[in-house]
Structure formats: C-alpha cells, structure tokens
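To keep things clear, I will list the structure first and then write my remarks on it.
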Amino acid sequence: MKITLKSRSEIDQMRAAGRVVRQTLLRCREAVRPGITTQEIDQIAYETFTAMGAEGLFKYYPTYEPGKGFPGNTCISVNEEVVHGIPGPRALADGDVVSVDCGIRLNGWCGDSAITVGVGSPSPENLKLIRVAEETLQLAIDSIRPGLPWSAVARKMQAHVESHGFSCVREFVGHGIGRRMHEDPKVPNFTSREFERHSDFYLQVGMVLAVEPMVIAGSEQVVVLDDGWTVISKDSSPAAHVEHTLAVTPGGCEVLTDGN
Ligand code: MG
Ligand code: MG
C-alpha cells in the first residue's frame, strides 16, 4: 500500500476540481424529473464539466482507449442498480431513486463525488434510504481525524446503516484520490477482522480519500449485469450511493466536493 500525502497547495488544487464536480452534480440534481432519460442527464453533466475546463474520468475507464471501457461520462444508477449504471435511453419514473456519480480531472487533479436523488414523489422508505446514506457520509466526515484507524470510522458507518435495517455493500469501496482517480488506500464502509488485520490504515494529515457509502435497503449481496458494469442488488431492493472527496486536516477533515 502506497499512500501519497498531499500538501496544502495540492489540496487547494483538488478543491478547485471538487468545485467542478459539485457544479456538475447540482445541474444534474436540478434536471432530475419523471420522463428525463439517464443519457440526457449524462449529457448535462458532460457539458457542465467540459465548459469548466475539466476532463471526465469515467468515459472509456479504465484504459481510456476510445470505444473501450465504460461508455458513459457519469455513472447513473436507478433503483436496484447500486453503482456503475450506464446512462442510456431509460426514462426516470416518479418514485425512482437515482444516483449520479461524477469524476473529473482539472489541472492534473481529480475530484469524485456522488448524489442520490428521489424522482418526483418518492416513497417514505426510499426517502429514508437516501437520508441514511447521507447521514452515513456525514458521520464519516464528522468522525475523521488524524491518528484514528480507518476501521474506527468505518465501524460507525456500518453501525448507522445496519441500525436502520439496511446493509453496506462489501464488494465495492472508496479509495484514495489525487492525480489519479483511484489511489491507495482502499476505503471500505464497513469493517471486518480481515480488514483490520491486513488493510487498516491510520488517518494522516494530507490524506485525500473518496468516501462513498453504498447502502442497500435489503441484503448486502450484489450482482454485476452482463453489460460488465452495472452493479445491482441481488434481491432487487433499492440502493443509495453518496460520495465526497475529503482531505484529512489537523482538526479533522475538509470536504473538497461541497462547492466551497
Ligand atoms: Mg464516484
Ligand atoms: Mg469514487
């Protein structure tokens, strides 16, 4: 595991990238309504971050050879789709739960963030699912401080999710981020004896992490569809996914993708 720490000025540059992601996701949130297709939302995202001088990190991921890899500019995942949904002709329906995940690079530095939005008039259960995912991310933001092992934060996140009868995805986790979108360490939203023995790490000033709770209303088990990307819940229950890019600071952490 090779964790790169970022200087104050590098973190400020990452905040500039984070602002682009924030603006993009705000535009997407405004666009969400019954009848809009996920590819229309994806196009709004592309136009927003491109106009701000950024390049997308998802299109053709991981090789960035045109025509290969992930086909969208963003990941848009609806209802039982947990993460990595491919934008397409699907029109959103009233009551759907939709997540939009956006990663970009600006002046050599990456930002990565995701929101989950209820379409039209979502059910109270779906609103609760979104709220619990957002609370779980906020709990991490409020808990991070240098010197703590990540497992201490992850344990709180997992406990919050499970206290509402929901579950944390095991197969996909957050990550370090910097000049590249995916850097060490791996940043799970749960802990385990296995993680604590082999992969736990101590939070340090200058670490920049993409923390991204993926919460399923039902069982934690997921399946990848034949398109090779879309991750769905095995029991078809809805999921929510929210993410921020965070920098560890002497007093705790700073959210780099909150638009400030
Ligand atoms: Mg993301
Ligand atoms: Mg991420």
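Remember, it's 1-based here, ligands and their atoms both numbered in the order they're listed. Quick note: numbers below take in every heavy atom, side chains included, and nothing from hydrogens, waters or symmetry partners.
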Side chains of E196 and T191 in contact at under 4.5 Å (non-hydrogen atoms):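 Side chain of E196 against side chain of T191, heavy atoms only: contact under 4.5 Å found.
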
Non-hydrogen side-chain atoms of F58 and D112 separated by less than 4.5 Å: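 Counting from C-beta outward, F58 and D112 do come under 4.5 Å.
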
N, O or S atom of H182 closer to the Mg ion (ligand 2) than 2.8 Å: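 Not a single backbone or side-chain N, O or S atom of H182 is under 2.8 Å from the Mg ion (ligand 2).
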
K6/E183 ion pair, N-O < 4.0 Å: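 Counted as a salt bridge, because a side-chain N and a carboxylate O are separated by less than 4.0 Å.
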
Minimum-distance N/O/S atom that E243 presents toward the Mg ion (ligand 2):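 The E243 atom nearest to the Mg ion (ligand 2), restricting to N, O or S, is OE2.
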
Heteroatom of D101 nearest to the Mg ion (ligand 1) (N, O or S, atom name):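 The nearest such atom is OD1.
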
Shortest-distance N/O/S atom, D112 versus the Mg ion (ligand 1):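 Considering only N, O and S atoms, D112 comes nearest to the Mg ion (ligand 1) through OD1.
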
Short side-chain to backbone donor-acceptor contact, S163 and H160, under 3.5 Å: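 A pair under 3.5 Å: yes.
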
The Mg ion (ligand 1) to nearest N/O/S of E212 below 2.8 Å: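 For E212, the answer is no, given that no N, O or S atom comes within less than 2.8 Å of the Mg ion (ligand 1).
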
Mutual orientation of the aromatic rings belonging to W150 and F201 [parallel < 30°, tilted 30-60°, perpendicular > 60°]: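 Geometry flag for F201 against W150: parallel rings.
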
